[in-house]
Participant: 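First the structure, which I've put down as structure tokens, then a few questions once you've had a look.
All values reported here derive from a predicted model rather than from experimental measurement.
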Amino acid sequence: FPSHDTGRFEVSKRNDILWAAVDLMRTHGFEKTSVSMIVKQANVAQGTFYLYFQSKAELVLGIAQFIMDDLLSSLQSLNWNTRTPLLTFINDWVDLTFDHTHKHQDLIGFCYSGTAYYHSIAQWDALYIPYYAWLSEKIRHYQSVHSIRSLYPPETMANFLVGLCEHGAEQMYIFHHQHTDEHTSKDVLKAFITHALTP
């Protein structure tokens, strides 16, 4: 192949392995999914697997990137513009976060497994940079129209809000701490965020 086609071919093979792993892990779980099962479903040689991943554990970061890419795609599809009221934005964003966590609850669970810490914290945090930037932009807009307090930097607020919203959704779907129902949990979270942000 020419050099640029080779690169495309390599990305395709890596993705074949990754998606095969995702499909198998949804059915069998992380621990019971073997490299042999993955390469068989991906229709690649076992040696090909190790060209892209040092171990099954290294797949976890690829899965996390898949989850984040899907979230970012969903965020971009939100019906948002500069005239969208703050309360509407908060409502839609919280609902989307809960829906996304519910959709990928099994894969997120794999990423919380002990093998997830194969990579450094810096590598994990880098996955969130586009998400923080997206939310920072929205916060900056609402600060400019005086809907959100201007006391704190948008980047810091975005980091805290993402953590808070993800925690609420994960308590419901990943850790099953269902001390309340989904509707109430979302309503309380929306009210808390609104109260914290608005003057």
Side-chain angles (χ1 to χ4, degrees), residues 58 60-105 107-199:
E58 199 173 70
V60 177
L61 191 63
I63 293 170
Q65 182 69 65
F66 164 73
I67 295 169
M68 181 56 67
D69 288 346
D70 187 53
L71 173 62
L72 291 171
S73 176
S74 298
L75 291 170
Q76 295 300 329
S77 70
L78 277 181
N79 187 25
W80 184 90
N81 59 58
T82 55
R83 295 184 299 278
T84 302
L86 174 63
L87 295 183
T88 301
F89 172 73
I90 291 172
N91 182 75
D92 291 348
W93 174 60
V94 171
D95 285 347
L96 188 148
T97 301
F98 271 67
D99 290 346
H100 182 265
T101 304
H102 188 218
K103 175 182 177 182
H104 292 300
Q105 58 184 309
L107 297 182
I108 294 171
F110 302 148
C111 292
Y112 274 120
S113 68
T115 54
Y117 300 103
Y118 180 89
H119 294 274
S120 71
I121 296 299
Q123 287 175 292
W124 285 98
D125 197 50
L127 295 177
Y128 278 82
I129 290 175
Y131 189 12
Y132 294 149
W134 177 87
L135 187 54
S136 296
E137 176 191 349
K138 303 301 181 287
I139 292 171
R140 194 171 289 109
H141 163 72
Y142 286 114
Q143 285 180 332
S144 73
V145 296
H146 310 293
S147 296
I148 288 181
R149 305 172 195 266
S150 297
L151 182 61
Y152 306 112
E155 293 77 12
T156 302
M157 295 175 70
N159 188 297
F160 290 164
L161 288 171
V162 166
L164 178 65
C165 199
E166 280 194 349
H167 176 77
E170 289 168 0
Q171 289 297 302
M172 178 65 58
Y173 303 119
I174 310 299
F175 303 109
H176 305 293
H177 294 168
Q178 296 178 346
H179 51 277
T180 186
D181 62 275
E182 177 184 0
H183 180 75
T184 302
S185 182
K186 289 196 288 187
D187 281 352
V188 170
L189 182 57
K190 292 171 186 177
F192 180 83
I193 292 173
T194 301
H195 179 75
L197 293 180
T198 53

Participant: State, with a plain yes or no, whether a side-chain heavy atom of His104 is found less than 4.5 Å away from one of Leu71.
Facilitator: no

Participant: Would you compute the distance between atom OG of Ser74 and atom CD of Gln76 and round it to the nearest 0.5 angstrom?
Facilitator: 10.0 Å

Participant: Just so I know, are the side chains of Gln65 and Leu61 near enough to count as touching, which here means a heavy-atom distance under 4.5 Å?
Facilitator: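 When only atoms from C-beta onward are counted, Leu61 and Gln65 do not touch, as no gap falls below 4.5 Å.
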
Participant: Which atom pair, heavy atoms only, marks the closest approach of His141 to Thr82?
Facilitator: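 Scanning both residues, the minimum pair turns out to be NE2-O, 3.0 Å.
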
Participant: Sequence neighbours left out, what passes side chain to side chain contact (heavy atoms under 4.5 Å, CB included) with Lys138? Give chain and number order.
Facilitator: Trp80, Phe89, Trp134

Participant: Is there a side chain to side chain donor-acceptor pair (under 3.5 Å) between Glu155 and Asn159? Walk through the geometry before answering.
Facilitator: CA-CA 6 Å; Glu155 293 77 12; Asn159 188 297; over 6 Å; no

Participant: Step by step, would you call Leu197 with Tyr142 a side chain to side chain contact (heavy atoms under 4.5 Å, CB included)?
Facilitator: CA-CA 10 Å; Leu197 293 180; Tyr142 286 114; over 6 Å; no

Participant: Roughly how far, to the nearest 0.5 Å, is CG of Asp70 from CG of Leu75?
Facilitator: 9.5 Å

Participant: Taking side-chain hydrogen bond (donor to acceptor under 3.5 Å, both in side chains) as the criterion, tell me which of Gln105, Glu182, Lys103 meets it with Tyr173.
Facilitator: Glu182

Participant: Is the closest side-chain heavy-atom distance between Met172 and Thr101 below 4.5 Å?
Facilitator: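 No; the side chains remain at least 4.5 Å from each other.
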
Participant: Hey, could you give me the CD1/OG distance between Ile139 and Ser147, rounded to the nearest 0.5 Å?
Facilitator: 12.5 Å

Participant: Residues in ring pair (Phe, Tyr, Trp, His ring centres under 6.0 Å) with Tyr131, at least two apart?
Facilitator: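 Per chain and number, Tyr131 pairs via ring pair (Phe, Tyr, Trp, His ring centres under 6.0 Å) with no residue.
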
Participant: Could you check whether any side-chain N or O of Gln143 sits under 3.5 Å from a backbone N or O of Tyr152, counting only pairs where one atom can act as donor and the other as acceptor?
Facilitator: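 Flag set: sc Gln143 to bb Tyr152 pair under 3.5 Å.
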
Participant: Under the side chain to side chain donor-acceptor pair (under 3.5 Å) rule, collect the residues that match up with His183, sequence neighbours excluded.
Facilitator: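 Once residues adjacent in sequence are excluded, the partners of His183 under the side chain to side chain donor-acceptor pair (under 3.5 Å) criterion are Asp187.
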
Participant: Kindly give the heavy-atom pair with the smallest separation between Leu127 and Met68, and that separation in Å.
Facilitator: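 So the two residues come closest at O-CG, 3.4 Å.
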
Participant: Is any side-chain heavy atom of Val145 closer than 4.5 Å to a side-chain heavy atom of Leu86?
Facilitator: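 Val145 does not reach Leu86 side chain to side chain.
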
Participant: So, for Gly168 and Ser185, which heavy atoms are closest and what is the spacing to 0.1 Å?
Facilitator: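 Minimum heavy-atom separation between Gly168 and Ser185: O-OG, 4.4 Å.
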
Participant: NE2 of His146 to OG1 of Thr198: how many Å apart, nearest 0.5 Å?
Facilitator: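 One gets 14.5 Å once the value is rounded to the nearest 0.5 Å.
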
Participant: Is there a side-chain contact between Leu107 and Phe66, using heavy atoms and a 4.5 Å cut-off?
Facilitator: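 With C-beta onward as the side chain, the pair touches.
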
Participant: Look up atom OG in Ser136 and atom CD1 in Ile129, then write down how far apart they are to the nearest 0.5 Å.
Facilitator: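 Taking OG in Ser136 and CD1 in Ile129, the distance rounds to 11.5 Å.
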
Participant: Measure the shortest side-chain to side-chain distance between Thr84 and Asp92 over non-hydrogen atoms and say whether it is less than 4.5 angstrom.
Facilitator: no

Participant: Does some side-chain heavy atom of Met157 sit less than 4.5 Å from a side-chain heavy atom of Leu135?
Facilitator: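 Contact flag for Leu135/Met157 side chains = no.
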
Participant: For Ile67, does its backbone N or O pair with a side-chain atom of His100 as donor and acceptor, under 3.5 Å?
Facilitator: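 Side chain of His100 to backbone of Ile67: a pair is present.
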
Participant: Under the side chain to side chain contact (heavy atoms under 4.5 Å, CB included) criterion, do Leu161 and Trp93 qualify, and how do the steps go?
Facilitator: CA-CA 11 Å; Leu161 288 171; Trp93 174 60; 3.8 Å; yes

Participant: For atom CG of Asn79, decide whether the heavy atoms of other residues, nucleotides or ligands shown that lie under 6.0 angstrom number more than 12.
Facilitator: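 No, the 6.0 Å shell around CG holds no more than 12 heavy atoms from other groups.
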
Participant: Supply the atom-to-atom distance Arg83 CZ to Thr88 OG1, rounded to the nearest 0.5 angstrom.
Facilitator: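 Reported to 0.5 Å precision, the distance equals 13.0 Å.
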
